[in-house]
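Note: hydrogens, waters and symmetry copies are ignored here, and every other heavy atom, side chains too, is used. Residue numbers begin at 1 in each chain, while the letters A, B, ... track the order of the sequences.
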Amino acid sequence: MTGYRLPSTPAAAVRQQKEIAKKVVARDDHGDIKLVCGVDVSYRAGVAHCSAVVMDTDLNIVEQASTKSEIRHPYIPGLFMLREAGPILRTLKRLDRYDLVMVDGHGLLHPRRCGLACYIGVAKDKPAIGAAKSLLCGSVRNDNYIELGGETLGYTIAAEGRKKKNLYVSVGHRMSLESAVSLVRSMTKKGEWLPEPLRLADTFSRR
DNA sequence: GCGACAG
DNA sequence: ATCTTGTCGC
């Protein structure tokens, strides 16, 4: 069964995160990844605007969908899913097909090993990757891997340009960290910070 | 208790 | 994330 009821309180969200964390598969458990979906949410005038962009591995746009939702929860570090899971799941329903979801936020690199990317991945039972623009927890080692509580849960893709920021990748679901990093790299254009599916989803959600 | 804290 | 113009730099 793949259905999860969206929590309506922080306490309920924490309980669900602990439950879902046990179901995350951190190894490659998927077929060919041909269509990658990037999702992002932006906020304007009290409304959440979510966009999803599906691209093939040659970075061509295959499909796109957008939704507007009422904002029901504030942003709480560690409980990002409480605010964005609803809008994202609604938007994903409108897509015809995709083999993996890239989420702007963390996956296993989370206090309870259940960031937004894990939540979306397990809820949809789809391979998922978390790609965050800043660190929530954990410490970056010299080899760029990120560890938390003795576990290696993420990887830092160092910024190129002097002025740009790093990208923090972690497993969402049904993927190994190595494969996740490899896929993010292969879909990021030279000189860009975010992989194309996420960069375009970000652009579209703001229009 | 104190500080840190995805977007 | 968002509020926000012009401006510095590749």
Side-chain angles (χ1 to χ4, degrees), chain A residues 6-7 10-11 13-14 16-18 20-21 24 38-53 66-92 101-123 128-140 144-149 151 153-157 159-173 177 180-181 184 189-195 197-207:
Chain A
L6 294 174
V14 169
Q16 204 171 59
Q17 286 182 324
K18 291 177 178 174
I20 289 180
V24 174
V39 286
D40 190 31
V41 184
S42 62
Y43 303 85
R44 286 144 42 199
V47 178
H49 297 255
C50 178
S51 284
V53 179
S66 296
T67 62
K68 288 194 275 276
S69 308
E70 170 193 356
I71 298 176
R72 301 196 177 190
H73 302 283
Y75 161 65
I76 302 174
L79 291 178
F80 197 27
M81 48 81 84
L82 191 57
R83 185 176 172 83
E84 301 204 334
I88 289 176
L89 291 175
R90 277 190 56 197
T91 309
L92 293 180
V101 188
M102 275 189 187
V103 177
D104 72 289
H106 296 290
L108 286 176
L109 187 56
H110 177 280
R112 287 173 291 281
R113 311 300 190 271
C114 186
L116 180 60
C118 294
Y119 189 87
I120 298 299
V122 172
I129 294 174
K133 297 186 286 294
S134 67
L135 218 47
L136 168 63
C137 56
S139 50
V140 181
N144 278 14
Y145 274 96
I146 305 167
E147 62 178 62
L148 177 63
E151 293 181 283
L153 300 175
Y155 185 84
T156 309
I157 293 182
E160 301 183 349
R162 167 70 243 199
K163 179 74 176 179
K164 299 189 176 181
K165 302 171 185 174
N166 298 324
L167 189 65
Y168 305 93
V169 179
S170 61
V171 171
H173 190 40
L177 179 56
V181 171
V184 168
K189 286 187 175 179
K190 194 71 176 177
E192 291 297 336
W193 179 23
L194 301 172
L198 279 183
R199 193 181 67 78
L200 293 180
D202 177 88
T203 297
F204 293 166
S205 72
R206 296 172 191 277
R207 61 185 181 183

| message | Are there runs of at least three consecutive Watson-Crick or G-U pairs touching DNA chain C, with each pair's two distances under 3.5 angstrom? Give them by first number. | response | none
| query | According to a strict under-4.0 Å criterion, is R206(A) in side-chain N/O contact with OP1 or OP2 of dA1(C)? | reply | yes
| field | Gap separating the OH atom of Y168(A) from the CG atom of L109(A), nearest 0.5 angstrom | value | 10.0 Å
| query | Between Y155(A) and L177(A), which heavy-atom pair has the shortest distance, and what is it? | reply | N-CD1, 4.2 Å
| Could you give the distance from NE2 (H106(A)) to CG (L148(A)), rounded to the nearest 0.5 Å? | 10.5 Å
| In dot-bracket form, how is DNA chain B paired, counting a Watson-Crick or G-U wobble pair only if both its distances are under 3.5 Å and using | for bases paired to another strand? | .......
| task | Encode nucleotides 1-7 of chain B as B, S and - characters from 5' to 3', where the letter depends on protein heavy atoms closer than 4.0 Å: B to the base, S only to sugar-phosphate, - to neither. | result | ----BBB
| field | side chain to side chain contact (heavy atoms under 4.5 Å, CB included) involving P111(A) - partner list, sequence neighbours excluded | value | L136(A), C137(A)
| query | Do H110(A) side-chain atoms and G78(A) backbone N/O form a donor-acceptor pair below 3.5 Å? | reply | yes
| In Å and rounded to the nearest 0.5 Å, what is the CZ to OG distance from R90(A) to S69(A)? | 4.0 Å
| Approximate separation, where rounding is to 0.5 Å, of H49(A) NE2 and R44(A) CZ | 4.0 Å
| message | I need the CG-P distance between L198(A) and dA1(C), as an integer number of Å. | response | 12 Å
| request: Scan V39(A), V41(A), L198(A), L194(A) and name whichever one has a side-chain contact (heavy atoms from CB on, under 4.5 Å) with D104(A). | output: L198(A)
| request: Treat primed atoms plus P, OP1 and OP2 as sugar-phosphate and everything else as base, then score nucleotides 4-10 of chain C 5' to 3': B for base contact with protein heavy atoms under 4.0 Å, S for sugar-phosphate contact only, - for none. | output: -------
| task | Could you tell me the separation between the CD1 atom of I88(A) and the OG atom of S51(A), rounded to the nearest 0.5 Å? | result | 11.0 Å
| task | Indicate yes or no for a side-chain donor-acceptor contact from R83(A) to the backbone of H73(A) under 3.5 Å, with no hydrogens or angles considered. | result | yes
| remark: From the list L200(A), V103(A), D202(A), side-chain contact (heavy atoms from CB on, under 4.5 Å) with D40(A) holds only for D202(A)
| said: So, using side chain to side chain donor-acceptor pair (under 3.5 Å) as the criterion, who are the partners of T67(A) when residues are at least two apart? | reply: T91(A)
| said: Quick check on R72(A): does its CZ atom have over 12 non-hydrogen neighbours (other residues, nucleotides or ligands) under 6.0 Å away? | reply: no
